[in-house]
Protein chains: 2
Amino acid sequence: MEISILDKEQLKTGYLLAALGESEFDAVVAHGTIRVLAPGERLFDQGDPCTHFFCVLSGIVKLCRVAPSGEEKVMDLVRKGHYFAEAVMFMGGRYPVHARALEVTRLAALENQHFLGLLRGNGDLCLRMLSSMSQRVHGLINEIDHLTLHSSAQRVIGYLLEQLPQGDAPASVRLIVPKHIIASRLGIQPETLSRVLAKLRAEHLIDVHDDTILLNDVEAMRRLS
Amino acid sequence: MEISILDKEQLKTGYLLAALGESEFDAVVAHGTIRVLAPGERLFDQGDPCTHFFCVLSGIVKLCRVAPSGEEKVMDLVRKGHYFAEAVMFMGGRYPVHARALEVTRLAALENQHFLGLLRGNGDLCLRMLSSMSQRVHGLINEIDHLTLHSSAQRVIGYLLEQLPQGDAPASVRLIVPKHIIASRLGIQPETLSRVLAKLRAEHLIDVHDDTILLNDVEAMRRLS
DNA sequence: GCCATGCATTGATTTAGATCAACCCCCCTT
DNA sequence: AAGGGGGGTTGATCTAAATCAATGCATGGC
């Protein structure tokens, strides 16, 4: 499906393409398509040749890996307005993860080769790409650090604090994905997540109403994480 | 200390600067300096402002993080001919890890700003940088995957296989860093590493002589990892 | 020579978290 | 209303790896 005016607006405001000129932007988007995925539907698998990068327009995409045993580890959850697989574009090789929709999801699929062509002539864009990839590197280093140096409770707390909107308004977090997905994202079992939340509740650090979690003492939790 | 002709050769053959023209290369290296670190000496700390990137000329640099508890996790071991902290250059911000010499180590310190200036005028170099950072992203994703989806034995085996020189010559690995550093690199305790190696030895998968390890059945180990 | 220090190995014990299992609750279908 | 499935919680048990502890074994200083 072709990309509508409205969707173009959204693509333009995302960080990746924000600073492109009119004609450059059009060049990248011209060959792009819109895809709509059903819940659970496959976008690509680990090992597939990498031809496109994507921007989520609505819904959620899960990036994960699967162990030989069949167990899966969620590497990232990509939401509306965020790009993914841009970092992989350059090796030209293959996607390092599986991508699946978690719910009905609309996304824009943009062709690597057109974007690469653009980069060749736009040093400034290159630098911004480098910066964003550097940020990803930082993020991944952080992740490793958390997985090895922090307990499961600390990781859960860290995740909750990350989800917190910046304003120091009512500190509440909405879990928009099923808990077992979050558990995998954190590298723990659903049961463990459940127990950790129960414990935090018992200590009055959080209150849980359905899928929203109220953080009663952000400072205390920051000290713990 | 200034950079000698000999060291320049080494810098030039490293992947980062390999494809620079004569004048470009000189521009980057002109403001660079050589540093010699004693074993254990600090190069920079996590949180220090990021002003330089580095190339190891001899010796080994350890990149690590420290938990609130004081325990440390080795994120990477950088050896002769390899660059580090180039990925961080672009955010301009701060180093995300501590850097320490493990033994007497010589390295070249190059200024971010000169390299960035160069990138601005060299789209091709930009693309190569992007590719190398993409590789780093892949590597880190792999690492996370191993830390969450694989047992300690599998990680040890994976590490040994990684260290293997490509040729299918005698499959032996030389452990050039102390075992407890490798253990941290793998996210396990030294005792556990010792036990894993003992077990592999008992199963005749490896032979250990001092600090060199002979892999008797690479295929079998590949299946296990 | 002797002692101190740091690394590695091995054994005993503990523990965080995984696994196994039962159950509930909510929503959907028929 | 009955049945059924998925997700979540809770409890009991198990296990991989951490921790604690003792010993061996080099190396270096004096």
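Note that these values count all heavy atoms, side chains included, but never hydrogens, waters or copies made by symmetry. A, B, ... follow the sequence lines: proteins, then strands. Residue 1 opens every chain.
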**Q** Ignoring the backbone of K179(B), work out which of dT10(D), dA8(C), dG8(D) is nearest its side chain.
**A**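 Looking only at side-chain atoms, K179(B) lies closest to dA8(C).
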**Q** Using atom CG of D210(B) as one end and atom C1' of dA8(C) as the other, report the distance to the nearest whole Å.
**A**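 Taking CG of D210(B) and C1' of dA8(C), I get 13 Å after rounding.
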**Q** What integer distance in Å separates I182(A):CD1 from dG7(D):C1'?
**A**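 These atoms are roughly 13 Å apart.
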**Q** From CG of L197(A) over to P of dG7(D), roughly how many Å is that when rounded to an integer?
**A**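 Atom-to-atom, L197(A) to dG7(D), this comes out as 17 Å.
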**Q** Would you indicate whether H138(B), at its atom NE2, is surrounded by more than 12 heavy atoms from other residues, nucleotides or ligands within a distance under 6.0 Å?
**A**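 Yes.
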**Q** Below the 4.0 Å mark, does dG17(C) have OP1 or OP2 next to a side-chain nitrogen or oxygen of T192(A)?
**A**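 It does not, given that no N or O in the side chain of T192(A) lies less than 4.0 Å from OP1 or OP2 of dG17(C).
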**Q** Taking only the side-chain heavy atoms of S194(A) (C-beta and beyond), determine which of dT10(C), dA17(D), dT9(D) contains the nearest atom.
**A**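 My answer, after comparing the listed nucleotides, is dT9(D).
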**Q** Between T105(A) (side chain) and E103(A) (backbone), is there a donor-acceptor pair under 3.5 Å?
**A**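 Checking the backbone N and O of E103(A) against the side chain of T105(A), a donor-acceptor pair under 3.5 Å is found.
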**Q** Check step by step if salt bridge (Lys or Arg N to Asp or Glu O under 4.0 Å) holds for E72(A) and K62(A).
**A** CA-CA 11 Å; E72(A) 88 173 17; K62(A) 172 185 76 173; 2.7 Å; yes
**Q** Could you tell me how the ring of F44(B) sits relative to the ring of F84(B): parallel (under 30°), tilted (30 to 60°) or perpendicular (over 60°)?
**A**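 Geometry flag for F84(B) against F44(B): tilted rings.
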**Q** Ignoring the backbone of P178(B), work out which of dA8(C), dT9(D), dG17(C) is nearest its side chain.
**A**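 Among the listed nucleotides, the one closest to the side chain of P178(B) is dA8(C).
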**Q** Parallel, tilted or perpendicular: which fits the ring planes of F53(B) and F115(B), with parallel below 30° and perpendicular above 60°?
**A**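 Correct class here is tilted.
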**Q** How is L193(B) classified with respect to the nucleic acid when contacts are heavy atoms under 4.0 Å: base, sugar-phosphate, or nothing?
**A**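 No contact.
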**Q** In terms of side-chain heavy atoms of S151(A), which of dA17(D), dT9(C), dG17(C) is nearest?
**A**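 The answer is dG17(C), which lies nearest to the side chain.
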**Q** Between P on dG11(C) and NZ on K199(B), what's the gap in Å once rounded to a whole number?
**A**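 About 15 Å, once rounded to whole Å.
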**Q** Rounded off to whole Å, could you give me the CG-to-C1' distance for the L186(A) and dG17(C) pair?
**A**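 To the nearest whole Å, that distance equals 14 Å.
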**Q** Mind checking what makes salt bridge (Lys or Arg N to Asp or Glu O under 4.0 Å) contact with K8(A), not counting sequence neighbours?
**A**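 Partners of K8(A) by the salt bridge (Lys or Arg N to Asp or Glu O under 4.0 Å) criterion come out as none, since no residue qualifies.
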**Q** Separation of E71(B) atom CD from dA16(C) atom P, in whole Å?
**A**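 That distance rounds to 14 Å.
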**Q** Is R195(A) side chain donor-acceptor paired with the dG8(D) base, going by distance under 3.5 Å alone?
**A**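 Donor-acceptor pair under 3.5 Å: no.
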**Q** Among the nucleotides dC20(C), dG17(C), dC20(D), which one has an atom lying closest to any side-chain atom of E191(A)?
**A**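 Looking only at heavy atoms from C-beta outward on E191(A), the closest nucleotide is dC20(C).
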**Q** Check this for me: does the side-chain of Q189(A) come within 3.5 Å of the base of dC20(C) through a donor and an acceptor?
**A**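 Answer is no: no donor-acceptor pair is held.
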**Q** What is the distance from CG of L149(A) to C1' of dA16(C), rounded to the nearest Å?
**A**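 Going from CG in L149(A) over to C1' in dA16(C) covers 16 Å.
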**Q** Quantify the bending of the helix from dG1(C)-dC30(D) to dT30(C)-dA1(D) as the angle between its end axes, each fitted on five pairs, to 10°.
**A**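 The end-segment axes of the helix from dG1(C)-dC30(D) to dT30(C)-dA1(D) are tilted 30° relative to each other.
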**Q** Using atom CD of Q154(B) as one end and atom P of dA16(D) as the other, report the distance to the nearest whole Å.
**A**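 Spelled out: CD on Q154(B) to P on dA16(D) is 12 Å.
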**Q** With a 4.0 Å cut-off, would you call R174(A) and D211(A) a salt bridge?
**A**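 Judged by the 4.0 Å cut-off on N to carboxylate O distance, R174(A) and D211(A) do form a salt bridge.
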